[in-house]
Amino acid sequence: MMDHPTALFVDPGIQASKYFNVGMFAILIFDYFITLETESQWVWHRRWNFVRFVFTVSRYLPFFAIGMTFTGALRTQYYPGESCVRFGQASTVLHIICILAAEGLLITRIYASWNSKRLLAFLIVFPLMCSAISYIISDTTLIFNSGNTTSLDIPNPGDCLFMGSKNNVYEYAVLLLYELVLFCLMMYIRFSKYGNVVGLLQRTFFNDSAKYMICIMIVSSFNIILTMAPPVTWVSITDSPQIVIHSVLASRILFNLRASEGQSHIHTLTDISELQFGEGQISTVAHGV
């Protein structure tokens, strides 16, 4: 006789997390379609290079990453012998890659605005250090209320319950610190190198990048609060916002830079990386798509 499936545990926190993540998936799809024409105008005719590949990852991989979250949110039953561990691990890896791709686009633009090998080394090593630190401490129980990071009273057969861990707070804290450092670095470059002499491209780059980092810091702050303050069943409500905000803003920065490039009537027969802001200054569009 076949084993019958059992209903997974549900409470207001889990239900709210499911609704919120499904809603974020809808926002991602909506934003994609309202910017599709812009993407076709400023991206599709460009030749393929490394950074266009990174853009494509940051633009399209979130659909698979959040699609997996969406699938997990819709699950209501557990079938005996089933395991969701690998599914959850794959989803986590995709989420991380999405964030790294979006941040990679930002890093290349910051590097292009300064064009320093030491800066490039820092921009590569620093996020790797942040990721390693986040990974190491996320498996610890250093949180003050670490006894509540998991609930022993909530059945979670096969690890299929749509519920996260309070240890995710470390990842959000490291991301917040990372964005704060990049924000300070970009402001230093803005005022030390360019001063008051900025054109349309520079202004678009610095303004949009500042908005990007401020939004990421705000979302990360809310994620920290929502991870630590409510019961553990509410933690999964923070799964999708980071991916959506990274993908949406990273894409819009690129589109705005391309539009500014067009308005400035800057044309070149060579690769876009040779575009310049002014005399002898490499464009922040430099390593874009």
Side-chain angles (χ1 to χ4, degrees), residues 3-34 58-99 102 134 138 143 145 148-173 175 215-216 218-249:
D3 293 328
H4 295 286
T6 57
L8 292 172
F9 175 84
V10 64
D11 74 347
I14 293 177
Q15 199 65 38
S17 297
K18 291 184 175 185
Y19 288 145
F20 194 80
N21 281 277
V22 171
M24 294 305 297
F25 193 30
I27 291 175
L28 181 67
I29 295 173
F30 174 76
D31 178 80
Y32 174 77
F33 282 107
I34 65 175
S58 70
R59 175 74 163 168
Y60 289 95
L61 190 61
F63 289 99
F64 296 94
I66 300 183
M68 295 183 71
T69 302
F70 178 82
T71 302
L74 294 182
R75 175 183 287 273
T76 59
Q77 293 182 325
Y78 167 75
Y79 292 86
E82 188 177 18
S83 175
C84 300
V85 175
R86 294 289 181 88
F87 182 87
Q89 292 173 341
S91 177
T92 300
V93 169
L94 289 183
H95 281 224
I96 294 173
I97 294 175
C98 291
I99 292 178
S134 173
S138 63
I143 300 178
N145 62 337
N148 293 327
T149 56
T150 57
S151 178
L152 300 178
D153 298 329
I154 299 178
N156 187 10
D159 202 25
C160 293
L161 188 62
F162 193 69
M163 185 175 67
S165 168
K166 285 186 177 290
N167 279 350
N168 292 342
V169 70
Y170 295 122
E171 300 172 4
Y172 301 133
L175 181 59
C215 287
I216 298 300
I218 291 174
V219 172
S220 297
S221 299
F222 275 110
N223 282 355
I224 292 173
I225 295 173
L226 291 173
T227 300
M228 293 303 299
V232 68
T233 54
W234 290 79
V235 171
S236 289
I237 204 170
T238 64
D239 280 358
S240 297
Q242 283 285 357
I243 311 301
V244 173
I245 199 72
H246 272 87
S247 177
V248 169
L249 294 183

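What you see is a predicted model, and the numbers here were worked out from it, not measured in a lab.
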*If you round to the nearest 0.5 Å, how far is CG of Leu28 from CZ of Arg59?*
8.5 Å

_Considering all heavy atoms, the nearest Val232-Met163 contact_ = O-CG, 3.7 Å

_Using modelled atom types and a 3.5 Å cut-off, is there a donor and acceptor pairing between side-chain atoms of Tyr32 and backbone atoms of Phe63?_
no

*Specify the closest pair of heavy atoms between Trp234 and Ser17, including all atoms of both residues, with the distance to one decimal.*
O-OG, 3.6 Å

_Tell me whether the rings of Phe70 and Phe25 are parallel (<30°), tilted (30 to 60°) or perpendicular (>60°)._
tilted

*How far apart are the closest heavy atoms of Val219 and Pro241, and which atoms are they?*
CG1-CB, 4.3 Å

*For Tyr60, does the OH atom have more than 12 heavy-atom neighbours from other residues, nucleotides or ligands under 6.0 Å away?*
yes

*OG1 on Thr238 to CD1 on Ile225, rounded to 0.5 Å*: 12.0 Å

*What heavy-atom pair brings Met68 and Ala90 nearest, and what distance separates the two atoms?*
CE-CB, 3.9 Å

*Is the backbone of Arg75 close enough, under 3.5 Å, to the side chain of Lys18 for a donor and an acceptor to pair up by distance?*
yes

*Which heavy atom in Ala65 sits nearest to a heavy atom in His95, and how many Å separate them?*
O-NE2, 3.3 Å

*Can you check whether Ile216's main-chain N or O pairs, donor with acceptor, with Ser220's side chain at less than 3.5 Å?*
yes

*asked:* Would you compute the distance between atom CD of Gln242 and atom CD1 of Ile66 and round it to the nearest 0.5 angstrom?
replied: 11.0 Å

*Are side-chain N/O atoms of Thr69 and Asn21 paired as donor and acceptor at under 3.5 Å?*
no

*asked:* Minimum heavy-atom separation for Pro62 and Ile243, please, with both atom names.
replied: CB-CG2, 3.7 Å

*Distance (rounded to the nearest 0.5 Å) between Leu161 CG and Thr233 OG1*: 9.0 Å

*asked:* Please determine whether side-chain contact (heavy atoms from CB on, under 4.5 Å) holds for the pair Thr92 and Glu171, giving the CA-CA distance in whole Å, both sets of side-chain angles, and the decisive distance to 0.1 Å.
replied: CA-CA 12 Å; Thr92 300; Glu171 300 172 4; 5.7 Å; no

*Say whether Tyr172 and Thr227, considering side chains only, have a donor N or O and an acceptor N or O under 3.5 Å apart.*
no

*Out of curiosity, Ser236 OG to Leu226 CG, how far, rounded to the nearest 0.5 Å?*
12.0 Å

